[in-house]
Structures are given as C-alpha cells and as structure tokens.
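Everything on this sheet refers to the single structure shown next.
Sequence positions, counted from 1, serve as the residue numbers for this chain.
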Amino acid sequence: AMKMIMPVKAMSSGRITHTKSAGSIVSAGDLLGSLELDDPSSVQKIDNFTGKFALAALEDTTGPKDPAAESIANVNLMLDGYAPAGKPSELVQKLFKETNGENWQDIASDIFERYLAVEEKFAAVMNENVTTLDQITAALLAQSKDKPEEVMALFLAHGQLAARNEVVLATLRDTRWATPGRTASDRLTKCLDRLSKLPVTTGYGPVVMVAQQISEKLTVVPFEDRRQKLGMMLSTEDSSKLATMSAVDAGAELLCSLMGDDSDLIRTKAMETYMKRSYRSFQVSDMDIIPGSPWDVSASFQFQYPGATGSEGMRGCFCTTISSLSALTSVFEKIPGSFKEEMPSKIIAIVGPDAFASTSDRSSYYSSEGAFTATFAEASSQLQGAAGKLKAAGVTEFVLVMLQPPLQPRYACFQAKDDWKENATRRDMKPVNAYLLESNRLAESYELERIIPTIGRNSMVYLGASKVAKAGKRGPPKTVFVQMITHTSKAPVGQPGWETPPENLLLAAIDELERARLSPKVGQQPNGSIFAHLMWLVDLEPVEANKYFEDFLNQFVSKYGDRLQAMKVDEIAIKVGLGKSGGREHTLRVTASSMTGEYLKTFGLLEVEDPVTTKLKEWLDVKTREKTSLDAFSTSPLQSRRLIARAAGSTYAPEFLGMMKVELIKRWAAYEQLPGAVPMPSSVFESTELITGSDGQLVESDRNAGLNDIGMVAWRCTM
C-alpha cells in the first residue's frame, strides 16, 4: 500500500481532538480531527453560505435560449482557441441542423473569415527565413506594436489549429448544400478563394485541398443563366455527351425545366439527355423520344441492370411531363401499347414548371415539405383508380418528379405492391437510386425509417431495426445506414490521385452520420454502417482491384479512426464494377467490417446477383472464384455484446485488435514518408484467438469473436 506523511501545522495555540486513529482508512473529504483554539477570534472561521448567490453572467438568461445562437457561440469560441464544448465536426453539424439551411452561406462565410483572420497573418510571416516560434512572434509583434493583446489572441487561436481545421473542413463539406440548384454568394466565393491560397506546407494542406475541390463545384452563375446556356448546348451538342456533364451545368433541375421550352428541339433533347443521364449506369435500348408541346414531351425505352446479358431482366420505362398534378390521369392514356404485363415497367411523371408555385420560400430543399406531402393522397387515389390499366401494362412503379426551381426536384415513389401508396423509405430518391443504393436489399432485413435532412445530393440515411436479430430489453438492435453514390472519378484506379473521390465520399458519409445522430430518433446508441457505390468501370483484374481498394480502406480507417469510432461505424462497404467500356463483367464489393470481432477488418468478394429479381445470388472468392458466404452479423451474439459494452462506456475486447492494426498502419504510413523507407508489408497485423483446450492448455482457434463463455480472452498477435 502507498503511505504518505503530511505535516499539518497549526498557526495558533489550542487543543486538538483526533477523529481518526493512526492506520485508519480514509477517503477524500473525511474529517481527521478538530481544533479548539485558545483565541477563536484570531482566525477567520468558514461557515456554510446562506442566502442568494447571484452571478452577473446568469442575470439575462430568464428567457428561452436560442439553440442556433448557442451553437454559433460554441463554434466561435473554438475558433478563438478555447477548449471545445464537443467534437469540432459534431458542433458544426449541430449548427447547420439548427439553422435548417437558412442563411447557411453567411454562417459558413462567418466561420471561414474568423479562421482566415488568424491564419492569413501566420501564413504571411511564415516563410523560409521565419520558421521558429521566436521569429514568428517578433514578426507579428512588429505588425502590432501597440496592441500586444491582439498578438496573444492570435497565438491562442493558432495554438488550436487542428481543432480549427476540423471546424473549417466540416463547414466546407456542408457546402454541398450550395452545389447544383443554388448560386454561391460573392462573399462565400471569395472566402473559398482565400482558403485555396493558403500555403499547403504549414498545416493547411487538408483545408486547401477541400476548398479547391468545393470551389470547382460551386457556381456564381444564376440558375436562369445556366438554364439558358444549357438550352443553347442542347440545340447543338450530342445528348450522350451532355448526359455526363457536371450537375452544376446539366443537373435534373436544369434539364427538366427545359422540357417546357418554346423550342421543340430543346424540349426533346432535354428529355433525351435527362433519361440518358438518369440511366447512364444501366444498359439502355430502343429509346424513343415522343415530341409534343411544352410540358407534353415523352420518352420510352427498355433497360437492364448492370451485368445482365442477352435479354435477361429486360424492363420498360416511360417518362412524360405534365403541367400540374391535376393532369396525372392523362399520363395513363399515354402509356405505350408495347408495354405488357409480362415485362415489369416504370412510369416517371415530371410535374413542371413549378409544382410548388404557391410556396415562395426556396431557402431550403425541404421548404416545400408541407405542400409536397399533401400531394400524396391525391396521387395515390388516382393511381388506385387506374390500377387495372397499370397492371395490364406491366407497370409496377410510378415516380413523381416535382420541380421546384432553382432547387433540385422532389421525388415521390408509389408501387403496386403497396396498393399504390407512397413509399416513405424512397421519398426524394431518384428513380434509379433504390437499386444503386441497395435500399431494397436493406428493407429485406431491416425496418427502415428515413432520417432527414441529408447533406448530399445522392445520399440516403436510414435508421434500421433488425427483423431477424433477437430483440433485447431495448428492442431489436438498430443501425444507422448511410448509403452514398458517386459518378465522379479523378484518375484510373492505381494512378496518382485516384483515392480522392472515394475518400471525399466516405468523409461525406461520416458527416451524414454526425448529422443523423443529432436527431432524437437516432441519438448515440445505434451502430453505424456506410455503403458507397462508385459508378465507375475499373479496368483491372479482380485480385489487383481488390488489393487497391483494401489498401485504400485500411489507410482511410487509420487516418480517420477517431471519427469512425466516435460514430460507432462497424462496417464500410465499397461497391464498384470491373470491366472495360463495353460493360460490367464483375461486381467487386470491398468491406471493412467488425462483424468477425476485429475492428473494421478488410476483405473483398465478387458479388453475383439475379438480373431479373436483382436479388443477391452468391458471393465468390476474389482469388479462387469459389462460392463463399458471409456470417450473419445481425444474428450473431457479437452485435448485442458490443452494444452492451458501448452502453456501459466501455470497448468490446475484440475491437482492440482492430485498433492496434489501425495504429500500426498509421505508423507505417508516417515511416514510409522517410527517405529510404521500405514499403509496408501486405500482412501488417494478424491475430489468432487462444482458447483452453481439453487438456487445460491454450490452443489456437479460428472461431468467430463473441463465442467465448468465460470473462477472459486472449490472442496471439503478429505485427
């Protein structure tokens, strides 16, 4: 036991009475003894306070608090160098959620300007000749000779550069609200330009990189000017080329608005380009554009899911425009006669020029929410009335695309299997994204509830309650699913810079998780899962492609491990097609998963699905092409034990293996930057569980984690 001898000296005479004897066990706050002084007036006695203790700082807090103002104050204090009231990125997400997208450009500009007010001064004095702290201090003091307190404030803020960078990076990623459909303010554009010009060698590298990427996506060109420019291009350019342009220049809101143009050519080309853009990842055939007057142009075609061959899984699609929801019944009369019950088909009806003309507020994508949901009953009623006609034409799905320029359209999906009622889990989901984001596959195993608002244009967030796992005291296990998709690629896989788009996409997914956890429906308890579908064709053999993506995921986990652990991410899956320009030959799914116990362990499989039903048929080993299987994570004891550990504020023991691997990869990455460093080995970390054999000795086991029935676990680790 540890013993301490501490002399206590009395500065006045008197008599001492011990209340604890020598050798007693004491705790903090225990009374050891008391003094009876000869002259009590010689010392100041401490008594319990009675009465009212008023703090001036609390005098003005009688009224209701403004959550947004409080969040702004917390972010500003962090930018000024004070200890954060929470994780920087989470505070930013909380701020933008509470402001509900209103005045977001001014809020973002305020954050950037507060950051730049400090860092531009440091960047201006730091160069080849000014590198030490003393030199930097002298240079800044020379600029503010009569105001040393300002220099102290600069150093206080700059001293928290890592936290300040996190605030700015989270704010930059949230500027996705400004991409397609919105025009960036001159003030915001200038801030991004200033951020892009900071030196990359003095701690500003990540901020500069993201600021440059966001600058490329933002536009200062008003919606109407972009619309007119696209109209001119439609009259001269090939629709296949226009379909691959950026969303800023040829997004759905622009193309659909041109379907009411006075020019017959522009109307038909707008419809053709919109269909090719929407179905660019599918195999499309027999496209027929049917001209008509403004808001009466149509298109019909057949399509197959990626990877289908011959005529297997052929489906039909008919898209048309109407000037108001009251004209919905006219759509049923336009259905092509070639559509038969034997071939499942989809109808897309675009309502323009403005489906919410009575809603003047365009400050947020969700400003039209009330008017939007009010249309569901009428649309459902009309679809139910035409159920017989729709069945005869093989129509199983009906999608309403409701324009709200200059913002992106709202989407509502109605399906025959639901008696033509609106499908809430597919609300605001583009017509093809239910397949690309695997929402249908998720719905087979989970009861899904959509979480809004989301940040990204092509992202969906769900809170899923397992249908198959055994329910505990708090109900079935729940998971927050973030489903993402991107068509953007910077370079062929394996070439310098190819990792940037998937890294940005996964970072955006973490942002979505942080935003979702602010909802009372979600909170901090559920696990997190991220799915990213990269809509590229990777011209590599499966084994080689798998290695690149596994290495990428390992690096990502090591680089952003803190954020992933804070968001309780237990699975990251990347799906990508392999093949040449002729079409997808294989589908590779690379996963970092904790379902085997090791934290976010990476592995790759080839995915084979039924082209008719789109259901998963089998998994194939990347190397041997032999059939394999995945353990049912939701039905294993691992998830419930992990949840119990997290609820107690602890970490489930098998997860330490992955954390060790993450840290090891991080150290290898730092070492590889040194001159003469050898490359990191492919097997940087391996572990094998040790269990007690029949003879009482430890033996190696390959069983899954979570199957132990005693309270002690052991592994042999090779690093």
Study note, to complete from the structure: Scanning both residues in full, the closest heavy-atom pair of V622 with G604 reads CG2-O, 3.3 Å
**Study point:** T486 side-chain N/O to T488 backbone N/O, donor-acceptor pair under 3.5 Å
**Key:** yes
Review point. Would N433 and Y411 count as having a side-chain donor-acceptor pair, cut-off 3.5 Å?
Key: no
Point to revise | Sidechain-backbone polar pair: Q483 side chain, L437 backbone, donor-acceptor under 3.5 Å | key: yes
Review point. Taking the side chain as C-beta and beyond, is there a heavy-atom pair between W536 and P502 under 4.5 Å?
Key: yes
**Study point:** Test item: T273 side-chain N/O and M271 main-chain N/O as donor-acceptor pair under 3.5 Å
**Key:** no
Exercise for review: Report yes if some heavy atom in the side chain of V331 is under 4.5 Å from a heavy atom in the side chain of I347; otherwise report no.
Suggested key: yes
Check your understanding: Which distance, rounded to the nearest 0.5 Å, do you find between the CD1 of I510 and the CZ of R173?
Key -> 7.5 Å
Check your understanding: Taking the six-membered ring of F282 as reference, does the NZ or CZ atom of R315 fall below 6.0 Å from its centre and within a 45° cone about the axis?
Key -> no
Practice item. Report yes or no: do S281 and Y305 form a side-chain donor-acceptor pair below 3.5 Å? Key: no
Review point. Got D570 and K568 here, is their nearest side-chain heavy-atom distance under 4.5 Å?
Key: no
Exercise for review: Start with the C-alpha distance between N458 and M484, add both sets of side-chain angles, then the distance that settles side-chain contact (heavy atoms from CB on, under 4.5 Å), and finish with yes or no.
Suggested key: CA-CA 6 Å; N458 290 314; M484 310 285 287; over 6 Å; no
Check your understanding: In terms of ring plane angle, is the pair W668 and Y671 parallel, tilted or perpendicular, where the classes change at 30° and 60°?
Key -> perpendicular
**Study point:** Check: I485 main-chain N/O paired with H533 side-chain donor or acceptor under 3.5 Å
**Key:** no
Exercise for review: Compare every heavy atom of L506 with every heavy atom of A532, then report the nearest pair and how far apart it is.
Suggested key: CB-CD2, 4.0 Å
Check your understanding: For the atom pair OH (Y274) and OH (Y279), what is the distance rounded to the nearest 0.5 Å?
Key -> 8.5 Å
**Study point:** Electrostatic pair K269-D238, nearest N-O below 4.0 angstrom
**Key:** no
Practice item. State whether a side-chain donor-acceptor pair under 3.5 Å links S459 with E512. Key: yes
Review point. Given side chains that start at C-beta, do those of C319 and M275 come closer than 4.5 Å, heavy atoms only?
Key: yes
Exercise for review: Decide yes or no on side-chain hydrogen bond (donor to acceptor under 3.5 Å, both in side chains) for Y560 and E503, but give the supporting numbers first.
Suggested key: CA-CA 10 Å; Y560 301 103; E503 180 175 345; 2.5 Å; yes
Check your understanding: Do S239 and E272 pass the side-chain hydrogen bond (donor to acceptor under 3.5 Å, both in side chains) test, and can you show the C-alpha distance, the side-chain angles, and the key distance before you say yes or no?
Key -> CA-CA 7 Å; S239 59; E272 182 181 10; 3.2 Å; yes
**Study point:** Check: R277 main-chain N/O paired with R280 side-chain donor or acceptor under 3.5 Å
**Key:** yes
Review point. Between the side chains of Y435 and E609, does any donor sit under 3.5 Å from an acceptor?
Key: yes
**Study point:** Under-4.0 Å salt bridge between E541 and K623
**Key:** no
Review point. Would you say the side chain of M233 lies within less than 4.5 Å of the side chain of L242, judging by non-hydrogen atoms?
Key: yes
Exercise for review: Can you label the angle between the F398 ring and the F414 ring as parallel, tilted or perpendicular, going by 30° and 60°?
Suggested key: perpendicular
Exercise for review: Keeping the roles fixed (side chain from R450, backbone from R427), state whether a donor-acceptor pair exists under 3.5 Å.
Suggested key: yes
Practice item. For residues Y446 and Y462, establish whether the separation of their ring centroids is below 6.0 Å. Key: no
Review point. How far apart are the closest heavy atoms of L448 and T425, and which atoms are they?
Key: O-CG2, 3.6 Å
**Study point:** Electrostatic pair R441:E607 at N-O distance under 4.0 angstrom
**Key:** yes
Review point. Could R625 and D621 be called an ion pair, given the rule that one side-chain N must be under 4.0 Å from one carboxylate O?
Key: no
Study note, to complete from the structure: The reported gap from CG in L537 to NE2 in H586 (rounded to nearest 0.5 angstrom) is 11.5 Å
Point to revise | Verdict with supporting geometry, W619 and V608, side-chain contact (heavy atoms from CB on, under 4.5 Å) | key: CA-CA 6 Å; W619 298 103; V608 181; over 6 Å; no
Check your understanding: Under the side-chain contact (heavy atoms from CB on, under 4.5 Å) criterion, do Y365 and Q408 qualify, and how do the steps go?
Key -> CA-CA 7 Å; Y365 177 78; Q408 302 165 39; 3.8 Å; yes
Point to revise | Note: R589-E438 ion pair, threshold 4.0 Å (strictly below) | key: yes
Check your understanding: How many angstroms lie between atom CG of L255 and atom CG of L234, to the nearest 0.5 angstrom?
Key -> 6.5 Å
Study note, to complete from the structure: Rounded to the nearest 0.5 Å, the OG atom of S593 sits from the CD atom of E571 at a distance of 4.5 Å
Check your understanding: Pick from V401, T320, V297: which one makes a side chain to side chain contact (heavy atoms under 4.5 Å, CB included) with I350?
Key -> V401
Practice item. May I ask you to say whether E585 pairs ionically with K580, meaning some side-chain N is under 4.0 Å from a carboxylate O? Key: no
Study note, to complete from the structure: Here the pair of heavy atoms bringing A416 nearest to V395 is CB-O, 4.4 Å
Point to revise | Chi angles and distances behind the side-chain contact (heavy atoms from CB on, under 4.5 Å) call for F549, V576 | key: CA-CA 10 Å; F549 280 101; V576 65; 4.0 Å; yes
Check your understanding: Do you know which two heavy atoms are closest between T396 and W420, and how far apart they sit?
Key -> C-CH2, 3.9 Å
Point to revise | Donor-acceptor contact present, side-chain E618 to main-chain T628, <3.5 Å | key: no
Check your understanding: When you check the gap from the basic side-chain N to the acidic O, do E444 and K615 get nearer than 4.0 Å?
Key -> yes
Check your understanding: When the aromatic ring centroids of F318 and F301 are compared, is their separation below 6.0 Å?
Key -> no
Check your understanding: For the residue pair D428 and M460, what are the closest heavy atoms and their distance?
Key -> O-CE, 3.2 Å
Check your understanding: Going by heavy atoms in the side chains, are L664 and M660 under 4.5 Å from each other?
Key -> no
Review point. Would you say V480 and N527 make side-chain contact, with heavy atoms under 4.5 Å?
Key: no
Check your understanding: Where the side chain of T268 meets the backbone of L265, is there a donor-acceptor pair that is under 3.5 Å apart?
Key -> yes
Study note, to complete from the structure: In this structure, NZ of K601 is separated from OG1 of T591 (nearest 0.5 Å) by 12.5 Å
Review point. Got P476 and K467 here, is their nearest side-chain heavy-atom distance under 4.5 Å?
Key: no
Check your understanding: Using 30° and 60° as the class limits, which term best fits the ring planes of F552 and W498: parallel, tilted or perpendicular?
Key -> tilted
Point to revise | Step-by-step salt bridge (charged side-chain N to carboxylate O under 4.0 Å, His left out) determination, R426 to E397 | key: CA-CA 12 Å; R426 294 174 64 171; E397 184 177 324; 2.9 Å; yes
